[in-house]
Amino acid sequence: SGDDRAMGSIIDELKAINVNVEGIDAAAAASNPEKKEKIRDLYRKALFENVMSCVLTTHALLIKNVGNLKAVVDEAGFESMQQRCGYADDMKSLADFFGGDDAVQILKSLPLRRLTPAYDVVGMILASLSLERTREIDGGIGMQMQEAVPSFFEELLTKEERALSDHPVLQAGDQDADCIYSAGPFG
């Protein structure tokens, strides 16, 4: 987090993910570089811990999947293997994901009966695709989406921030057999 983020909003986010911020004063931290850096360190650590499970699931299901590789031939006629989907630079940003359509195809080919713990990753990829193109929110695999329970987002967004968008906050719901079986071959 940089100076573009108010200390109060960082502290609010930390509270929302159950990090103990008792005794931390946002106003005092904003004017004290050492206190500000301690809060930023706490935030970076908490963010890393909360995002890591989604990143590891994405790597296991998609990026390290043998179906994610394709052979390509360069101008000199040399063949190499390239990823069909993945992060453009995962050490720099997890927001720049390429090959979303290929990711959906790989996901559909997986022999999964239950998508958990991949719901968050799957939902993120499908939601991203639906924003980029005019398509169904579930990418056409029949994934059941439902409005998120208020506790899921109320502590993260103020009423004013929620009012800026007409789009509902969604989460993956219980999946019926059609969705479960559309996710992969089961012999």
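All residue numbers refer to positions in the sequence shown, counting from 1. No hydrogens, no waters, no symmetry mates; every other heavy atom, side chains included, goes into these values.
Using a 4.5 Å cut-off on side-chain heavy atoms (C-beta onward), C85 and F97 make contact. L42 places a side-chain heavy atom less than 4.5 Å from the side chain of I24. Put simply, the side chain of D12 reaches to within 4.5 Å of the side chain of K15, judged on heavy atoms. The shortest side-chain heavy-atom distance between Q83 and D102 does not fall under the 4.5 Å cut-off. Taking 4.5 Å as the limit, every side-chain heavy atom of V73 sits out of range of all side-chain heavy atoms of F78. Using a 4.5 Å heavy-atom cutoff, the side chains of R40 and M7 are in contact. Between D89 and D96, every side-chain heavy-atom pair lies at or beyond the 4.5 Å cut-off. A 4.5 Å side-chain heavy-atom check between Y43 and I11 finds every atom pair outside the cut-off.
Residue V19 comes nearest to A46 through the heavy atom pair CG2-CB, 3.8 Å, listed as atom of the first residue, atom of the second, then distance.
Under 4.0 Å is where a charged nitrogen must lie from a carboxylate oxygen, and between R44 and E37 at least one such pair does.
One finds the CG atom of L14 at 11.5 Å from the NZ atom of K45 (value rounded to the nearest 0.5 Å).
The main-chain N or O of R84 is found under 3.5 Å from a side-chain atom of N68 such that the two form a donor-acceptor pair.
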Notebook entry, point to check: Given the rule in the side chain to side chain contact (heavy atoms under 4.5 Å, CB included) test, do D74 and S80 qualify, once you have shown the distances and angles that lead to the verdict?
Noted result: CA-CA 8 Å; D74 66 15; S80 65; over 6 Å; no
